[in-house]
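Shown next, in structure tokens, is the structure this report addresses.
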Amino acid sequence: MRVRFAPSPTGDLHIGGVRTAQFNWMFARRHGGKFILRIEDTDQKRTQEQSLSGIMDGLRWAGLHWDEGPDIGGPYGPYIQSQRLAHYQYWANWLVEHGKAYRAYETPEELELISAARKANGLPPGYDRRARALTPADWARLDAEGKPYVIRLKVPLEGETVFEDMVRGAIRVRNDTLQDAVLLKADGFPTYHLAHLVDDHLMEISHVIRAEEWIPSTPLHVILYQAFGWQPPQFCHVPVILHPSGGKISKRKHPEASISYFIKGGYLPEAVTNFLCNVGWNYGKLDENGEEIQVFTKEEAAAVFDITQVTQTGTKFDVVKLKWLNGEWIRRLSDEDLARRLQPFFEAAALEAPLEVLVQVAPLIKERIKLLSEAVEMAGFLFRPDVPTPEPSALIPKGLTAEQTRAALQLAHEALAALPDFTIAAQEAALRDGAERLGIKTGQFFSPIRVAVTGQSVSPPLFEVMALIGREKVLARLARAIAVLQPTP
RNA sequence: GCCCCUAUCGUCUAGCGGUCUAGGACGCGGCCCUUUCAAGGCUGAAACCGGGGUUCGAGUCCCCGUAGGGGCACCA
């Protein structure tokens with residue numbers, strides 16, 4: 001079995017594209033087939049130069065590796081459509097010669113007028129197939145005038161076209177609702193309809209797994225296959241991904257439509273692919289409590305992937321659930337692995353965070369962050385030379401006066417300074433004892449210490465943090481906080 | 001406007017004629033744990049779009065509404 005993902009290099013990789021690619025990838029894995037990457041750059045106006053590498057980087061980030069593609073080649077290459085123009089031109093002309101397609105000489109402006117006129121007369125908009133009446137003699141004359149032409153498919157005027165979709169069953173449409181679609185444009189480039197179909201045939205694609213938006217043009221493709229006398233592939237149309245507000249998620253309006261949003265945002269590829277498995281499909285394995293397993297790899301999913309079980313409804317993209325899943329995956333990472341993935345985010349924040357320190361920080365923040373990027377906010381102070389001098393209001397906990405807080409900090413300073421070893425256990429023993437002697441709750445005692453030492457009211461566990469910072473800095477910061485709370489005479 | 005697809009908790013979904021007083025997850029509420037924040041444990045509220053059929057029996061099949069989505073380019 002051979003499947004392909006065939007994006008257009010018109011910008012960032014779309015999250016819906018990732019899901020489509022992933023379903024293709026899983027299908028290939030499940031059936032021991034090949035997953036092919038093909039680039040559909042037949043629109044000269046929209047093609048962007050760097051988009052190709054961006055798409056490949058995105059797929060690699062997601063771990064969706066292809067067996068044949070533009071960079072690695074393969075037996076059916078080339079895998080970039082702009083390098084395959086001769087094929088499309090040959091087959092377009094073949095259709096004309098066999099009476100399955102025809103030349104049409106209308107300009108885009110003329111087409112617009114035709115469409116508008118039809119609309120005005122209560123007819124469906126589109127082309128009225130007038131060029132079907134042209135003879136080869138007419139073509140010669142118009143060619144002599146230097147008029148450019150397109151090649152259009154001769155769609156049957158009557159009857160209906162039916163195809164079997166593996167996720168939706170039979171889909172049928174009346175042929176008179178179809179257009180004589182353009183196959184070859186005036187610039188000699190093919191349209192999607194021609195190019196993808198010729199390539200799918202030549203590349204021996206067995207299953208076309210693509211987004212739902214292609215359903216309306218699939219009958220056209222079936223007619224094209226019939227015109228060629230080729231065996232059509234199996235069609236599998238997967239639901240589109242919707243924005244929570246409804247409607248297709250688009251790169252233009254929604255930043256989260258691009259995969260780079262997730263890469264930069266601190267999402268793990270494991271979480272993103274895991275999440276994508278459950279939008280439009282369901283892993284469905286149960287754990288020992290009879291609950292569905294939520295956290296699984298795409299390899300595990302591929303082992304049981306069944307394209308016929310793909311959902312038929314458009315699905316909203318719930319970033320909140322993705323975040324939860326991302327947290328789950330972060331917690332499953334080893335300290336070393338997490339440290340390595342965290343480093344670029346500290347770098348991006350202009351903080352020098354050595355790996356050997358990050359390895360120690362990792363277990364402290366692992367269950368406190370949902371995104372890698374949140375680590376900077378949570379633990380960035382560990383890598384800054386100093387923290388801001390706290391405000392008195394931030395220092396004083398609920399239930400204590402300024403004077404009580406000052407006394408508490410004083411006691412903390414003394415207790416910590418007196419410790420023979422600045423270990424976590426020693427700190428904890430001393431400080432718990434301190435709270436008892438002060439007659440206040442540990443929470444009330446630790447709060448001002450936390451603010452003084454970390455500059456934050458929320459932080460990783462206090463003793464671990466203080467051990468990392470070191471006694472000297474901790475005492476200095478405590479002293480400074482005590483000074484802040486000194487009553488003004 | 002025309003064509004196509006779809007319809008279970010707020011969201012993602014399980015269900016493929018009886019085992020459904022409809023299951024799970026996220027989110028939300030409560031309780032517990034607790035040095036903050038989390039994480040974790042227990043627990044609660046929350047859905048079969050409406051109407052007709054078919055059938056002994058319908059969330060599950062059919063039809064009609066309605067709603068949502070997609071498509072109608074010399075873009076993919």
Side-chain angles (χ1 to χ4, degrees), chain A residues 6-10 40-43 45-46 104 106-108 111-112 115 119 122-127 148-152 165 168 171-174 176-179 181-193 195-196 210-219 237 239-240 242 244 246-248 275 278-284 286-287 289-295 309 311-325 327-328 331 365-370 378 397 428 431-432 435 441-447 449-451 454 456-463:
Chain A
S8 285
T10 55
E40 311 217 321
D41 59 341
T42 56
D43 186 345
K45 291 182 278 293
R46 292 205 312 155
E106 290 81 12
T107 64
L111 288 173
E112 235 167 87
S115 185
K119 247 178 163 170
L123 291 165
Y127 181 57
Y149 63 86
V150 300
I151 292 178
R152 286 182 181 270
D165 189 286
R168 284 157 210 271
I171 294 176
R172 60 180 62 225
V173 294
R174 292 207 324 271
D176 60 15
T177 66
L178 267 23
Q179 297 269 324
V182 171
L183 301 178
L184 199 69
K185 304 182 238 181
D187 64 3
F189 276 64
T191 60
Y192 171 82
H193 303 303
H196 93 280
R210 72 202 343 175
E212 183 184 13
E213 64 211 48
W214 290 110
I215 292 177
S217 45
T218 303
H237 288 98
V240 290
L242 270 22
K248 233 161 108 174
F275 177 76
N278 270 336
V279 355
W281 184 67
N282 189 250
Y283 183 54
L286 303 181
D287 63 17
N289 298 323
E291 291 177 349
E292 286 177 20
I293 295 172
Q294 301 290 329
V295 185
Q309 293 304 305
T311 299
Q312 305 179 36
T313 52
T315 47
K316 290 181 180 166
F317 192 93
D318 183 7
V319 187
V320 175
K321 189 162 186 178
L322 206 207
K323 270 194 189 176
W324 167 78
L325 205 48
E328 290 288 319
R331 270 170 254 141
I365 62 173
K366 208 177 249 186
E367 54 197 33
R368 293 181 166 73
I369 57 172
K370 284 195 166 76
M378 185 87 201
E428 179 158 10
L431 259 23
R432 283 190 186 283
K441 291 186 195 151
T442 48
Q444 289 176 310
F445 190 29
F446 297 168
S447 171
I449 302 175
R450 165 175 283 108
V451 173
T454 71
Q456 308 175 171
S457 58
V458 172
S459 82
L462 187 56
F463 312 122

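Lettering of chains follows the sequences in order, A, B, ..., and the numbering in each one begins at 1.
Using Watson-Crick or G-U wobble geometry with both donor-acceptor distances under 3.5 Å, B:rA39 finds no partner in any strand shown. B:rC2 is paired with B:rG71 under the criterion used here, namely a Watson-Crick or G-U wobble arrangement in which both key atom distances are under 3.5 Å. Partner assigned to B:rG10 is B:rC26, using Watson-Crick or G-U wobble distances below 3.5 angstrom. When both pairing distances are held under 3.5 Å, B:rC49 makes a Watson-Crick or G-U pair with B:rG65. In this structure B:rC56 sits in a base pair with B:rG18, meeting the Watson-Crick or G-U test at under 3.5 Å.
In terms of the side chain to side chain donor-acceptor pair (under 3.5 Å) criterion, A:N282 has no residue partners (sequence neighbours excluded). Residues satisfying the side chain to side chain donor-acceptor pair (under 3.5 Å) test with A:H193, not counting sequence neighbours, are A:H221. Partners of A:K185 according to the side chain to side chain donor-acceptor pair (under 3.5 Å) rule, which considers only residues two or more places apart in sequence or in another chain, do not exist here. Scored by the side-chain contact (heavy atoms from CB on, under 4.5 Å) test, A:T10 finds A:S8, A:R46 as partners (sequence neighbours excluded). In this view, A:R450 and A:S459 satisfy the side chain to side chain donor-acceptor pair (under 3.5 Å) rule, not counting sequence neighbours. In this view, A:F189 satisfies the ring pair (Phe, Tyr, Trp, His ring centres under 6.0 Å) rule with no residue, not counting sequence neighbours. For A:D165, the side-chain contact (heavy atoms from CB on, under 4.5 Å) partners two or more places apart in sequence, or in a different chain, are A:F163, A:V167, A:R168, A:I171, A:F235, A:H237. The salt bridge (charged side-chain N to carboxylate O under 4.0 Å, His left out) test applied to A:E40 returns A:R38, not counting sequence neighbours. In terms of the side-chain contact (heavy atoms from CB on, under 4.5 Å) criterion, residue partners of A:P124 (sequence neighbours excluded) are, by chain and number, A:R118.
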side-chain contact (heavy atoms from CB on, under 4.5 Å) between A:T42 and A:T191, intermediate numbers included: CA-CA 7 Å; A:T42 56; A:T191 60; over 6 Å; no
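Atom-to-atom, NZ of A:K321 to P of B:rG10 comes out at 15 Å; the value is rounded to the nearest Å. When the P atom of B:rA14 is taken as reference, atom CG of A:D287 falls 18 Å away, rounded to whole Å. The interatomic distance linking A:I171 (CD1) with B:rC5 (P) rounds to 6 Å, in whole Å. A:N278 has its CG atom 12 Å from the P atom of B:rC12, to the nearest Å. Look at CG on A:D318: it is 5 Å from C1' on B:rU11, rounded to the nearest Å. Rounded to whole angstrom, the span from the CD atom of A:Q294 across to the C1' atom of B:rG27 amounts to 13 Å. Between the CG atom of A:L325 and the C1' atom of B:rU13 there is a distance of 14 Å, given to the nearest Å. Atom CG in A:N289 sits about 14 Å away from atom C1' in B:rA25, given to the nearest Å.
Tested against A:V150, the residues A:D187, A:L111, A:V182 include a single side-chain contact (heavy atoms from CB on, under 4.5 Å) partner, A:V182.
For the atom pair CD (A:E212) and OG1 (A:T218), the distance works out to 11.0 Å, reported to the nearest 0.5 Å. To the nearest 0.5 Å, atom CG of residue A:L322 and atom CG of residue A:N278 are 11.0 Å apart.
Residue A:Q312 places at least one side-chain N or O under 4.0 Å from the OP1 or OP2 atom of B:rU6.
Comparing the C1' positions of B:rC48 and B:rU21 gives an interatomic distance of 14 Å, to the nearest angstrom. Here, B:rC49 and B:rG68 have their C1' atoms 11 Å apart, quoted to the whole Å. Taking atom C1' in both B:rC20 and B:rC37, the straight-line distance is 41 Å, to the nearest Å. Between B:rC4 and B:rA47, the two C1' atoms lie 28 Å apart (nearest whole Å). B:rG59 sits 34 Å from B:rC2 when the P atoms are compared, rounded to a whole Å. Between B:rG27 and B:rC33, the distance separating the two P atoms is 22 Å to the nearest Å. Nucleotides B:rU8 and B:rU60 place their C1' atoms 11 Å apart, quoted to the nearest Å.
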Protein-to-nucleotide contact annotation, 5' to 3' order, nucleotides 60-76 of chain B [B base; S sugar-phosphate only; - none; under 4.0 Å, heavy atom]: ---------SBS--BBB
Nucleotide-resolved protein contact map, nucleotides 42-49 of chain B, B/S/- at heavy-atom distance under 4.0 Å: --------
Sugar-phosphate or base contact per nucleotide [nucleotides 33-41 of chain B; S, B, -; heavy atom under 4.0 Å]: --BBBBSS-
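Between A:E292 and A:G280, it is A:G280 whose nearest contact on RNA chain B lies nearer the 5' terminus.
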